[in-house]
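Indexing begins at 1, ligand by ligand and atom by atom, following the structure's order.
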Amino acid sequence: MNKMDYVGIDHMAAYIPGQFLPLESLAIARNIDVKKYHEGIGVREMSIPSYDDDVVSMGANAGLRLLRESGIDPKEIGLLIVGTESSEDRAKPDASLIHSLLGISESCRVFNITHACAGANYGLVSAIDWLSADSSRNYAMVIASDIAMYGVGSAGEPTQGAGAVALMVSRSPRLLGIKELATFSNSVYDFWRPIREPFPIVKGVYSVQCYLKAALACFKKISIDQNYDFVYHTPYPKLVEKIHHEICSLMGISLDERSAHYQEKVSPSNEFSAKIGNTYTASLWFALMGCIEFKLKNLTKDLDSKDENKGMYLFSYGSGSGAILMEAALSNYWVEMAKHFNCADDLINRATLTIEEYEKILSGEKLQKNNEPGAVKFIFSGCENHQRKYELINRQ
Ligand code: HMG
């Protein structure tokens, strides 16, 4: 099948919380050489959610932007899947609240999927199967929304973050076609979140080994094309660099050439995660948006360099563990769709937190700083009778 005929992503949109902590401030407070964060882990800033951001409000904000910018009528959406591992409720799916906030029709299948960071990716391949099964189905929306927090002073602290990405999935995608190439499942305890524990339990070094095992298992199943772009789930950029080094060895790329291959084929996709941090289910999709925004920024007038039908590998890993490797190809209209992303601008507009403000927020204080004048967005407005409430506000 021609890559252009794949079912895939018609459009995508992100929500990034309006405040962040520079990693320099964290390094000073923890008495750690900042080079460990900048060079050893590859992170520079991390997005910190405010008290009125949660999985539902962030996901609904990404979905709202997606509807506005794609021009698709919410009544045409027949499937809504939310991938998350930071849900506030074990029975009522976040997807049902988002479904109501976005005004999607009642004849829509609505549910959450949890598989650590891979939840939204399982959502995407399910949406592709659902669309492929019946030609009367038009659109599915898949939302990845997560708050990644490990706690003050923990080893995972510099790899925290938060954000959401919404994907519109269609049979004739204007952004990129997607095909599943390989999948991997293996029950391990590398990172897990027992009920009632405030933060995940992580075996850091082991989690890296599990990620590598899953990546090698998937890439070994295919004949790898060196000319593709490689977009990975990115808990932190340095890990992706190390993983890609091993994938280069499968491709027979010499040790001397691996850094150059990484710089050209992978590093643009790390741009956002270095400034947002880990976003669990949304991490792969922020990496993809980074890769595409980079292409857009470097577009020349030469039509041949527009990268249409350009191949990419998308690799998603979820602790516990599961992984999916997909092939993607940019469609003829990708430039028009990518012009709406604006993630780079959203990052510039965030407010800077001090370390004291960050620690107060993590201790549960209702503190908020943001630079979003005029932003129309959903916020979590509190609980009544154990029911979570949301409002659409126009921030002044
Ligand atoms: P750590 O123990 O603080 O760090 O934990 P380290 O001592 O291993 O140092 C990190 C790197 O910095 C090392 O480089 C050091 O040498 C270097 P490496 O040896 O790895 O090449 N370093 C320096 N470099 C320059 N100048 C210096 C300096 N000092 C040290 N002065 C760890 C790091 C990532 C393990 C920790 O942050 C953690 O536990 N994070 C959370 C777990 C995680 O992200 N795992 C990733 C794989 S699992 C996954 O991706 C799934 C996940 O997203 C969840 C899900 O699926 O739901 C996490």
Side-chain angles (χ1 to χ4, degrees), residues 23-24 26-44 46-47 55 83-87 112-123 144-163 165 184-194 197 199-218 231-246 258-259 262 269-270 273-274 276-287 314-324:
L23 270 286
E24 287 88 347
L26 187 67
I28 293 167
R30 304 289 173 259
N31 199 19
I32 283 178
D33 182 352
V34 72
K35 285 191 183 151
K36 173 174 174 180
Y37 295 160
H38 285 178
E39 293 164 25
I41 297 181
V43 285
R44 309 194 82 84
M46 57 191 188
S47 274
V55 164
T84 184
E85 56 172 278
S86 19
S87 183
N112 271 27
I113 294 185
T114 298
H115 193 316
C117 297
N121 198 181
Y122 285 108
S145 182
D146 265 311
I147 294 175
M149 290 294 144
Y150 294 93
V152 169
S154 62
E157 190 176 24
T159 65
Q160 299 176 127
V165 176
F184 173 85
S185 299
N186 177 32
S187 179
V188 290
Y189 273 102
D190 59 334
F191 163 111
W192 66 108
R193 304 179 74 161
E197 287 295 324
F199 298 111
I201 303 173
V202 196
K203 294 183 191 163
V205 175
Y206 181 54
S207 72
V208 168
Q209 292 164 353
C210 293
Y211 184 126
L212 176 61
K213 184 175 175 181
L216 290 175
C218 286
V231 182
Y232 296 90
H233 163 59
T234 310
Y236 52 94
K238 196 69 188 188
L239 176 63
V240 166
E241 192 175 339
K242 284 187 175 178
I243 298 290
H244 190 67
H245 186 89
E246 300 300 328
R258 290 181 192 175
S259 285
Y262 167 80
S269 66
N270 278 341
S273 69
I276 299 174
N278 196 352
T279 50
Y280 295 154
T281 52
S283 151
L284 173 66
W285 310 109
F286 275 118
L314 307 183
F315 176 74
S316 135
Y317 174 75
S319 282
S321 67
I324 300 182

Point to revise | Contact atoms of ligand 1, heavy-atom distance to Glu85 under 4.0 Å | key: 55 (C), 57 (O)

Review point. Considering only heavy atoms from C-beta outward, does the side chain of Glu24 approach that of His38 to under 4.5 Å?
Key: yes

Review point. Just to confirm, does any protein heavy atom lie below 4.0 Å from atom 16 (O) of ligand 1?
Key: no

Check your understanding: What heavy-atom pair brings Pro235 and Ser283 nearest, and what distance separates the two atoms?
Key -> N-OG, 4.3 Å

**Study point:** Atom indices of ligand 1 within 4.0 angstrom of Gly156 heavy atoms, with elements
**Key:** 37 (O), 38 (C), 40 (N)

Check your understanding: Is any side-chain heavy atom of Phe184 less than 4.5 Å from a side-chain heavy atom of Ser321?
Key -> yes

Check your understanding: Is there a heavy atom of Lys242 sitting under 4.0 angstrom from any atom of ligand 1?
Key -> yes

**Study point:** Residue and atom name of the nearest protein heavy atom (relative to atom 33 (C) of ligand 1), distance in Å to one decimal
**Key:** Ile41 CD1, 4.4 Å

Practice item. Could you pull out, from Ala27, Pro235, Pro158, Gly42, the option with a heavy atom nearest to atom 50 (O) of ligand 1? Key: Pro235

Practice item. Go through ligand 1 atom by atom and flag the ones less than 4.0 Å from a non-hydrogen atom of Leu239. Key: 46 (C), 47 (C)

Review point. Does Ala155 have a non-hydrogen atom less than 4.0 Å from ligand 1?
Key: yes

Check your understanding: Does atom 47 (C) of ligand 1 have a protein non-hydrogen atom under 4.0 Å from it?
Key -> yes

Review point. Is Cys218 close to Phe315 at the side-chain level, that is, under 4.5 Å between some pair of heavy atoms?
Key: yes

Point to revise | Listed partners of Glu241 passing side-chain contact (heavy atoms from CB on, under 4.5 Å), at least two apart | key: Lys238, Tyr262

Review point. Thr159 heavy atoms, cut-off 4.0 Å: which ligand 1 atoms fall inside?
Key: 37 (O), 40 (N), 41 (C)

**Study point:** Heavy atom of protein inside 4.0 Å of atom 44 (O) of ligand 1, strictly below
**Key:** yes

Review point. Can you find a protein heavy atom under 4.0 Å from atom 52 (C) of ligand 1?
Key: yes

Check your understanding: Looking at Gly40, which atoms of ligand 1 are within less than 4.0 Å of one of its heavy atoms?
Key -> 11 (C), 12 (O), 17 (C), 24 (N)

Revision key, fill the gap. Ala116 heavy atoms within 4.0 Å reach ligand 1 at atoms 55 (C), 56 (O), 57 (O)

Review point. Is it true that the side chains of Asp146 and Thr84 contain a donor and an acceptor less than 3.5 Å apart?
Key: yes

Check your understanding: Roughly how far apart are Tyr211 OH and Lys242 NZ, rounded to 0.5 Å?
Key -> 13.0 Å

Revision key, fill the gap. Atom 26 (N) of ligand 1 has as its nearest protein heavy atom Lys35 CB, 3.4 Å

Check your understanding: Has ligand 1 got any nitrogen or oxygen that is less than 3.5 angstrom from a nitrogen or oxygen of Cys117?
Key -> yes

Practice item. Give yes or no for whether the N/O distance cutoff of 3.5 Å, strictly under, is met between Ser207 and ligand 1. Key: yes

Study note, to complete from the structure: The protein heavy atom nearest to atom 32 (C) of ligand 1 is Tyr236 OH, 4.5 Å

Check your understanding: At a 4.0 Å threshold, what atoms of ligand 1 neighbour a non-hydrogen atom of Gly318?
Key -> 56 (O)

Under 3.5 Å, which donor-acceptor pairs link side chains of residues 155-162 to any protein atom two or more places apart or in another chain?
residue: Glu157; atom: OE1; partner: Arg30; partner atom: NE; Å: 2.7
residue: Glu157; atom: OE1; partner: Gly153; partner atom: N; Å: 3.0
residue: Glu157; atom: OE2; partner: Arg30; partner atom: NH2; Å: 3.0
residue: Glu157; atom: OE2; partner: Tyr358; partner atom: OH; Å: 2.7
residue: Thr159; atom: OG1; partner: Gly156; partner atom: O; Å: 2.7
residue: Gln160; atom: OE1; partner: Tyr150; partner atom: N; Å: 2.8
residue: Gln160; atom: OE1; partner: Gly151; partner atom: N; Å: 3.2
residue: Gln160; atom: NE2; partner: Glu157; partner atom: O; Å: 3.2
residue: Gln160; atom: NE2; partner: Tyr358; partner atom: OH; Å: 2.9

**Study point:** Heavy-atom closest contact (Leu284 atom, Val231 atom, distance)
**Key:** CD1-O, 3.6 Å

Practice item. Answer with side chain, backbone, both or neither: which part of Lys238 has a heavy atom less than 4.0 angstrom from an atom of ligand 1? Key: neither

Practice item. Using protein heavy atoms only, decide if any is under 4.0 Å from atom 13 (C) of ligand 1. Key: no

Practice item. Check whether any N or O atom of Asp33, backbone or side chain, sits under 3.5 Å from an N or O atom of ligand 1, and answer yes or no. Key: yes

Practice item. Please say whether Lys36 places an N or O atom under 3.5 Å from an N or O atom belonging to ligand 1. Key: yes

Check your understanding: Does the side chain of Trp285 come within less than 4.5 Å of Leu314's, by heavy atoms?
Key -> yes

Review point. If we only count N/O pairs under 3.5 Å, is Tyr150 in contact with ligand 1?
Key: no

Practice item. Search all heavy atoms of Gly42 against all heavy atoms of Pro237 and return the closest pair with its distance. Key: O-CG, 3.2 Å

Point to revise | Between Phe191 and Tyr317, ring centroids under 6.0 Å | key: no

**Study point:** Spacing of CE belonging to Met46 relative to CD1 belonging to Ile276, to within rounding of 0.5 Å
**Key:** 13.5 Å

**Study point:** Contact summary for Ser86 and Val55, nearest pair of heavy atoms
**Key:** O-CG2, 3.2 Å

Review point. What protein heavy atom sits nearest atom 35 (C) of ligand 1, and how far off is it?
Key: Gly204 CA, 3.7 Å

Exercise for review: Using a 4.5 Å cut-off on heavy atoms from C-beta on, say whether the side chain of Thr114 contacts that of Ser87.
Suggested key: no

Check your understanding: Do Leu239 and His233 have side-chain heavy atoms sitting under 4.5 Å apart?
Key -> no

Point to revise | Subset of ligand 1 atoms that lie under 4.0 Å from at least one heavy atom of Val202 | key: 42 (C)

Practice item. Could you tell me whether Asp190 and ligand 1 have an N or O pair separated by under 3.5 Å? Key: no

